[in-house]
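One structure is given below, encoded as structure tokens.
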Amino acid sequence: MSEPGTFFHLHEEDPVEAYENFKLGMWIFLATEVLLFGGLFAAYFIFKFIWPTVFEDGSSHLNKFMGGLNTLVLIFSSFSMAMAVDAAQRGQQKKLVRNLAITLFFALCFIVVKGFEWGPKLSHGITPGSDVFFSVYYMTTGLHLLHVLVGMSFIGLLLARALKGRYHEENFGGVEIGGLYWHLVDIIWIFLFPLLYLI
Amino acid sequence: MSTQSDTHYLEAKGFYNWFFSVDHKRIGLMYLAAILFFFVLAGMAAMLVRLELLAPGEQFIDRHGYNVAFTLHGAMMVFLFIVPGIPATLGNFCLPLMIGAKDVAFPRLNLLSFWIYVLGAAIVVMSLIGPPGEAWLDTGWTLYTPYSVESSSGVIPVTLGVFILGFSSILTGLNFAVTIHKMRAPGMTWHRLPLFVWALYSASLIQILATPVVGITLLLLIMERSFGIGFFTASLGGDPILFENFFWFYSHPVVYIMILPAMGVVAEILPVFAKKPIFGYRAIAYSSLAIALVSFFVWGHHLFVSGMSNWSRWVFSLLTFAVAIPTAIKVFNWISTLYKGSIQLDSPMLYACAFIFLFTIAGLTGLPLATLATDVHLHDTYFVVAHFHYTMQGGTVIGLLAGLHFWFPKIFGKMYNEKRARVGFWMLFVGFNATFMPQFILGYMGMPRRYFDYLDQFADLHFMSSIGGFVNGLAYLFILGNLIHGIIKGTAAEKNPHGSLSLEWTVPSPPPLTNFDEIPEVHDWTYGYGNEQHA
Ligand SMILES: [Cu+2]
């Protein structure tokens, strides 16, 4: 039914070339992510400049403990992700699966903590429409949360494929690219945390 | 697999083999069909606008209908036609062929871009027109706050559709950038690349870097309407002007996504029909990059009268003037290419020359808008409307038509009727200028844009503009009719009817599915015209 040139009939690919292409593609994609958040960061600085007291007041309502906890959680998850990439490059199957699972677990922890943070706030009537600080707060952390979810499905996919033994010394590009994405998600949080919670 | 070179890419029949095709040529052709469809739709909305403006007072549609008509026209032209425009169509078709590759770097992603485009376009069109009983979008394509937060029309679905279209644009840009970096044939160095490829590369960079910003802006607008966040709402501490800043941070560079590829097309056509090497190759190549770079720092010129400090006004004005430099470099080099050439005025060349002429007017009329004192007078008048139609239609659309006529034999393996193509060109050229020349004067006299009605003193010029508009519209039907006739009934085209030296003309017309049996090796740049006999 399907002829050459359709979805399931690709030209034969050189795996090394494909790997190089994917890596460059991922770096470019990360650049678009930075710009996506860049707009929000710009808005943060503009509004903080115009309304310093609103931002001080809003920031004091945030739970620094939970924010800090989530920062730690993400740093650990970045570490385990890096270990996973290393394991994939060396072809260590068990270590790869273990580290991917740990990363996924940390990501889940992040979401749970976030839930405990958002829940009480919303029930106390502190909503995205409260003032411009909370608009920025919910928008940035919400968009970041969305990225955590996307990252989790990415890692879940990697885990499923790792369990089937798809990754080894000759084929680890997928894990590497997933790692790049996850590190970006962490880095964005590393910037968000001090900006929203601490200063 | 060796038999593949016998079958050309057009031979595939049936929905599946097209809609699931990862072949860059088929995807380019599907894009072409799609964007031309929306071009005709949006053009009809423009006809409605000109019909209403034929005379002062209410003619055919009421004032609300008029708002809807120009919004339909603008939104569809910008988001569905001209942003994907040349890169998604001619770019998709030509890029791998021109650099000696079998396909783009990510063929499946390319198909995904197309599907995302179709999805986004469907959402935009359905919500522009609106579910029965609901109001049609009336915010203008710019969706300025605070009106877009308050308007009762379907802002959220339209914005969502445009947001989705943004993904398509980003993915195409990403795909092209990686393709140009990694997929060039051996010997195809950066300084041997066809200038169309340089232009696509520069446009891709803008697609990658600017589109996410409009993405977040649109997302914020959706959140503003659905969750009441306050980025653009003054009562919550937000700022409606911030929307304008964000919006133009994307929408100014996007002008260069539209125009750079058209400039690239012109740079391909001129040397072929002047039988001379392109003049100033590196200057043209690097000026594309320079334009892309500077384009990110001029958005403020859209806000000179919106509320902005004098200091930033001054800086944005200066930076906007800076864009004129790389642009003028291009124009001078194109003209130098023509100098002492043996010029053959076939239809692609007519379009290319018209591009230089019209785009020069577009560029020069941009300068009074970049000048602070004159902009206060001209801002939001018909002068602006005329200026950007000279860039968008006189530039991009003329460039697209130049490229369509130029690569037509390669794409379809057929020839169109050259005589009728020239007639169509002159109809368009006359109609276009008759539409928009009077608008410069109207704007200078103080006619504001987007108004449903006007004073009697503007009547003559508006009447002229409307008549020009109808000629303009008819010309497009005539031109597209001629091309469609060529596809169906045209005579078979040779491999290289124009005598071009770049790689896409070394393969049969239409090209085989895998482009090249063997990846070619490149030993020279593609512009050695006029040296063939001496060599
Ligand atoms: Cu602009």
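Residues of residues 77-111 of chain A never come within less than 4.5 angstrom of chain B, heavy atom to heavy atom. Contacts of residues 116-141 of chain A with chain B at a heavy-atom distance below 4.5 Å involve P128(A), G129(A), S130(A), D131(A), V132(A), S135(A), V136(A), M139(A), listed in sequence order. Of residues 63-76 of chain A, not one residue has a non-hydrogen atom less than 4.5 Å from any non-hydrogen atom of chain B. Identified by a heavy-atom distance below 4.5 Å to chain B, contributing residues of residues 156-192 of chain A are lacking entirely.
Relative orientation of the H302(B) and H252(B) rings is tilted, given thresholds of 30° and 60° on the angle between their planes. Between F193(A) and Y197(A), the ring planes lie tilted relative to each other; the angle falls in the 30° to 60° range. Below 30°, between 30° and 60°, or above 60°: for F247(B) and F243(B) the angle between ring planes is below 30°, a parallel geometry.
At a 4.5 Å heavy-atom cutoff, the contact between F231(B) and chain A is made by backbone and side-chain atoms alike. I208(B) touches chain A through backbone and side chain together, each having a heavy atom under 4.5 Å away. With a 4.5 Å cut-off on non-hydrogen atoms, F106(B) touches chain A through its side chain but not through its backbone.
In this structure, CD1 on I170(B) lies 9.5 Å from OG on S168(B), to the nearest 0.5 angstrom. Atoms CG and CE, on L32(B) and M30(B) in that order, are 11.5 Å from each other to the nearest 0.5 Å. Going from atom CG of L218(B) over to atom OH of Y250(B) covers 9.0 Å, rounded to the nearest 0.5 Å. Rounding to the nearest 0.5 Å places CD1 of I99(B) at 12.5 Å from NZ of K182(B). With values rounded to the nearest 0.5 angstrom, D103(B) atom CG is found 7.0 Å from M183(B) atom CE. Summarising the geometry, atom CG belonging to L219(B) is positioned 7.5 Å from atom CG belonging to L36(A); distances are rounded to the nearest 0.5 Å.
Using modelled atom types, one side-chain atom of N245(B) and one backbone atom of I241(B) make a donor-acceptor pair closer than 3.5 Å.
The choice from A43(A), G25(A), G142(A) that makes the most heavy-atom pairs within less than 4.5 Å of chain B is G25(A). Interface summary for chain A: among T233(B), T217(B), L220(B), the most heavy-atom pairs under 4.5 angstrom belong to L220(B). Comparing V178(B), T211(B), L171(B), D239(B) by how many heavy-atom pairs each has under 4.5 Å with chain A, the most go to V178(B). Contacts with chain A were tallied for L242(B), L209(B), L109(B); L209(B) has the most, counting heavy-atom pairs under 4.5 Å.
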Candidate pair W311(B) and F316(B), rule ring-ring contact (aromatic ring centres under 6.0 Å, His included), full reasoning: CA-CA 9 Å; W311(B) 191 81; F316(B) 277 122; 9.3 Å; no

Side chain to side chain contact (heavy atoms under 4.5 Å, CB included) evaluation trace for S295(B) with I206(B): CA-CA 9 Å; S295(B) 74; I206(B) 305 176; 4.1 Å; yes

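Taking the six-membered ring where the residue is Trp, the centroids of F55(A) and Y44(A) are separated by under 6.0 Å. Aromatic pair Y117(B)/Y31(B): ring centres closer than 6.0 Å. The aromatic ring centres of F246(B) and W299(B) sit 6.0 Å or more apart. Aromatic pair W18(B)/F114(B): ring centres not closer than 6.0 Å.
Between T172(B) and N175(B), every side-chain heavy-atom pair lies at or beyond the 4.5 Å cut-off.
Judged purely by distance below 3.5 Å, without hydrogens or angles, the side chains of S309(B) and S312(B) pair a donor atom with an acceptor atom.
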